[in-house]
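Here's the structure, in structure tokens; my notes come after.
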Amino acid sequence: MSSAENTVSHFLPAGDYSLDATLSSGQVFRWRRREEAWEGVVGNRWVRLAQTRGGLHAEAMDGDGEWQWLIGFLQVEVDLKAVQGQWPDDPPLRAAAARWPGLRLLNQRPWECLASFILSSNKQIVQIHQMVDELCRRYGVPVRAPAGAGPAHAFPAAASLAACSEADLRACGLGFRAPYLRETARRVAQAEIDLDGLRRLPVQEARRRLEGLPGVGRKIADCVLLFALDFSEVFPVDVWVEKALRRWYFAGRQPTRRCLMQFAERHFGPQGGYAQQYLFHAARLGSDRSGNDWPAGGTANNELATAVSRGFPTVQ
DNA sequence: GGTGGGCCTTGAGT
DNA sequence: AACTCAAGGCCCA
């Protein structure tokens with residue numbers, strides 16, 4: 001029992017969980033690192049997380065003693081080695097798994113995930129943080145948190161954002177995304193689309209319905225399918241992942257974007273989403289300011305990785 | 001029917 | 001102080 005500020009503590013065993021890699025890997029946009037811990041809000045609960053020996057230390061406000069809301073979000077019970085065992089055995093994935101042990105996919109609530117990624121278009125991660133924070137501060141329900149703690153608002157309900165004017169949303173810095181978010185919020189609030197119900201559909205149909213929402217194209221639909229709707233095979237291709245694929249799997253060739261998508265779908269398999277997260281992390285963090293590429297000493301690795309895609313047509 | 005380019009807002013980084 | 005660029009979507013040729 002923590003002595004501070006009426007919080008309760010819980011230990012989540014997980015030998016291979018990297019809080020730093022997971023919470024900073026661009027899946028979620030409102031976690032804040034404070035001292036040696038991470039603070040955020042899951043649903044309507046404030047929580048502080050810290051890496052400890054053999055697992056995670058969680059601290060929340062007094063509750064009913066149930067922690068499933070957090071266990072489910074963090075996916076601590078997923079067997080990471082088993083997931084990686086379903087990957088194809090290729091050098092970039094091997095190297096990424098070795099360099100970022102414990103990088104995990106989270107399981108987000110669909111509405112928050114969808115809304116956040118509508119805001120992500122053509123924005124850097126820090127800017128997405130700012131937009132989401134401002135939306136939560138203005139339109140999110142306050143949640144109980146220790147005095148002076150990090151974010152203390154739930155993510156705004158769809159109905160709350162649907163009730164905003166476009167100008168209200170632009171005031172949060174959304175720019176041209178404001179009307180997209182407003183209209184999508186309206187459709188969700190009025191049950192014109194059932195986000196949770198998409199889980200029961202074939203992936204192509206779920207994707208098609210998401211792409212029918214304004215501000216949602218293939219990339220953002222795929223993020224929601226993977227990060228919130230349990231479609232573990234979905235492989236979102238953004239600019240970073242596209243760079244990674246071209247560099248590490250198609251060195252010296254110029255595949256079309258469509259070709260890359262087909263290769264990814266075929267090559268990475270039923271746990272392709274997890275593979276994508278590692279490649280994304282590697283592409284984004286793996287090259288330093290001097291321009292050195294990753295994996296280090298990459299020539300041999302690149303040749304091996306390129307061999308993986310050898311014979312795969314780069315046109316059509 | 002698929003592809004490529006311009007445009008859309010904003011602010012952080014340089 | 002400009003200027004570029006950023007986990008894209010949309011519209012058009």
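Convention: sequence-line order gives letters A, B, ...; per-chain numbering from 1.
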**Fill in**
Considering only heavy side-chain atoms of A/Gln130, the closest of B/dA12, B/dG2, C/dG8 is B/dA12

**Request:** Measure the CG-CD distance between A/Asp222 and A/Glu233 for me, rounded to the nearest 0.5 Å.
**Result:** 9.5 Å

**Asked** Would you call A/Arg137 and A/Glu134 a salt bridge, using N to O less than 4.0 angstrom?
**Response** yes

**Prompt:** Looking only at atom C1', what distance separates B/dA12 and C/dG9, rounded to whole Å?
**Reply:** 22 Å

**Item:** Whole angstrom value for the distance that separates C1' of C/dA7 from CG of A/Leu279
**Value:** 14 Å

**Nearest to side-chain heavy atoms of A/Gln276, which nucleotide of C/dA7, B/dT9, B/dT3** = C/dA7

**Asked** Starting at CG of A/Leu105 and ending at C1' of C/dA7, how long is that distance when rounded to a whole Å?
**Response** 14 Å

**Side-chain donor/acceptor of A/Arg170 to base of B/dT9, under 3.5 Å** = no

**Request:** Give A/Gly217 one of three labels, base, sugar-phosphate or nothing, depending on what nucleic acid heavy atoms sit under 4.0 Å from its own.
**Result:** sugar-phosphate

**Base-pairing assignment for B/dA12 (Watson-Crick or G-U wobble, both under 3.5 Å)** = C/dT4

**Item:** Distance in angstrom units between A/Ile128 CD1 and B/dT9 C1', rounded
**Value:** 14 Å

**Request:** Between C/dC10 and B/dG11, how far apart are the P atoms? Round to whole Å, please.
**Result:** 23 Å

**Message:** In this structure, how many angstroms lie between the P atom of C/dA6 and the NE2 atom of A/His129, rounded?
**Reply:** 18 Å

**Message:** Taking donor-acceptor contacts at under 3.5 Å, does the side chain of A/Asn122 reach the base of B/dT9?
**Reply:** yes

**Whole-Å gap separating P (C/dG9) and CG (A/Leu210)** = 12 Å

**Centroid under 5.5 Å and tilt under 30°, A/Phe280 to C/dA7** = yes

**Item:** Distance-only donor-acceptor check, side chains A/Gln75 and A/Tyr17, under 3.5 Å
**Value:** no

**Message:** Checking base pairs now: Watson-Crick or wobble, both atom distances under 3.5 Å. What partners B/dC7?
**Reply:** C/dG9

**Prompt:** Roughly how far apart, to the nearest Å, are C/dT4 and B/dG6 at atom P?
**Reply:** 14 Å

**Asked** When all nucleic acid strands are considered with a 4.0 Å heavy-atom cut-off, which category describes A/Ser25: base, sugar-phosphate, or nothing?
**Response** base

**Asked** Is A/Arg32 paired with A/Asp133 through a side-chain N to carboxylate O contact shorter than 4.0 Å?
**Response** yes

**Asked** So what does A/Arg257 hit on the nucleic acid, given a heavy-atom distance under 4.0 Å: a base, only sugar-phosphate, or nothing?
**Response** nothing

**Prompt:** Where each residue is assigned the nucleotide of DNA chain C containing its nearest heavy atom, which of A/Phe117 and A/Gly215 is assigned the position nearer the 5′ end?
**Reply:** A/Phe117

**Asked** To the nearest angstrom, how far is A/Arg177 atom CZ from B/dC8 atom C1'?
**Response** 9 Å

**Prompt:** A/Arg258 has an atom CZ; how far is it from atom P of B/dG4, in whole Å?
**Reply:** 11 Å

**Asked** How is A/Pro214 classified with respect to the nucleic acid when contacts are heavy atoms under 4.0 Å: base, sugar-phosphate, or nothing?
**Response** sugar-phosphate

**Request:** Would you check if there is a donor-acceptor pair between the side chains of A/Asp90 and A/Trp248 at a distance under 3.5 Å?
**Result:** no

**Message:** What's A/Val241 touching, base or sugar-phosphate or nothing? Going by heavy atoms closer than 4.0 Å.
**Reply:** nothing

**Asked** Is atom CD of A/Glu205 surrounded by more than 12 heavy atoms (other residues, nucleotides or ligands) closer than 6.0 Å?
**Response** yes

**Message:** Which nucleotide wins on minimum distance to the side chain of A/Ile220, given the candidates C/dG9, B/dA12, B/dT3?
**Reply:** C/dG9

**Request:** Check the side chains of A/Arg186 and A/Gln190 for a donor-acceptor pair under 3.5 angstrom, ignoring hydrogens and angles.
**Result:** yes

**Fill in**
Ranking C/dA7, C/dG8, C/dC10 by distance to the side chain of A/Gln277, first place goes to C/dA7

**Asked** Under 4.0 Å between a side-chain N or O of A/Gln127 and OP1 or OP2 of C/dC5?
**Response** no

**Request:** Take atom CD1 of A/Ile125 and atom P of B/dA12, then tell me their distance rounded to the nearest Å.
**Result:** 15 Å

